[in-house]
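Here is the structure we will look at, set down as structure tokens.
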Amino acid sequence: MKNDLKHLRRSELIDLIYEMKKREIELQTRLDEAEAKLQAREITMEKAGSIADAAVELSGVFQAAQEAADTYLKSIKAKEKELAHLTKQAKKNMRD
């Protein structure tokens with residue numbers, strides 16, 4: 001290749017350099033686009049990780065809320081039984 005270049009005229013060398021520069025610009029553009037796509041994909045993956053983390057955290061929040069609701073319901077049922085017992089005692093006391 002080196003010997004081939006020696007036989008080229010100046011205008012041919014300039015044309016060759018011009019074509020090589022065009023190719024370099026084209027390749028740089030493609031590289032920039034590929035890097036942008038990679039960056040977008042990495043951001044998407046980070047967001048997916050963040051969404052998964054948030055879902056896990058929300059799951060914990062929902063679980064805690066469910067446990068609180070279950071405890072509240074048990075408390076209400078216990079109070080209901082206590083009230084029923086007190087009502088029964090009051091009616092019994094009224095009859096006596």
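All values below come from the heavy atoms of this structure, side chains included, with hydrogens, waters and symmetry mates left out.
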* Structure fact -> So CD of Q63 and CG of L58: to nearest 0.5 Å the spacing works out to 12.5 Å
Sequence neighbours left out, cut at 3.5 Å: what donor-acceptor pairs do the side chains of residues 13-29 make with other protein atoms?
from, atom 1, to, atom 2, distance (Å)
K21, NZ, E24, OE1, 3.3
R23, NH1, E26, OE2, 3.0
Q28, NE2, D32, OD1, 2.9
T29, OG1, I25, O, 2.8

* Backbone N or O of A40 within a donor-acceptor pair of the T44 side chain at under 3.5 Å? -> yes
* Rounded to the nearest 0.5 Å, how far does CG of L86 lie from NZ of K79? -> 10.0 Å
* Can you check whether K77 reaches K81 side chain to side chain, under 4.5 Å on heavy atoms? -> no
* Please say which of E82, Q89, K88 ends up in a side chain to side chain contact (heavy atoms under 4.5 Å, CB included) with H85. => Q89
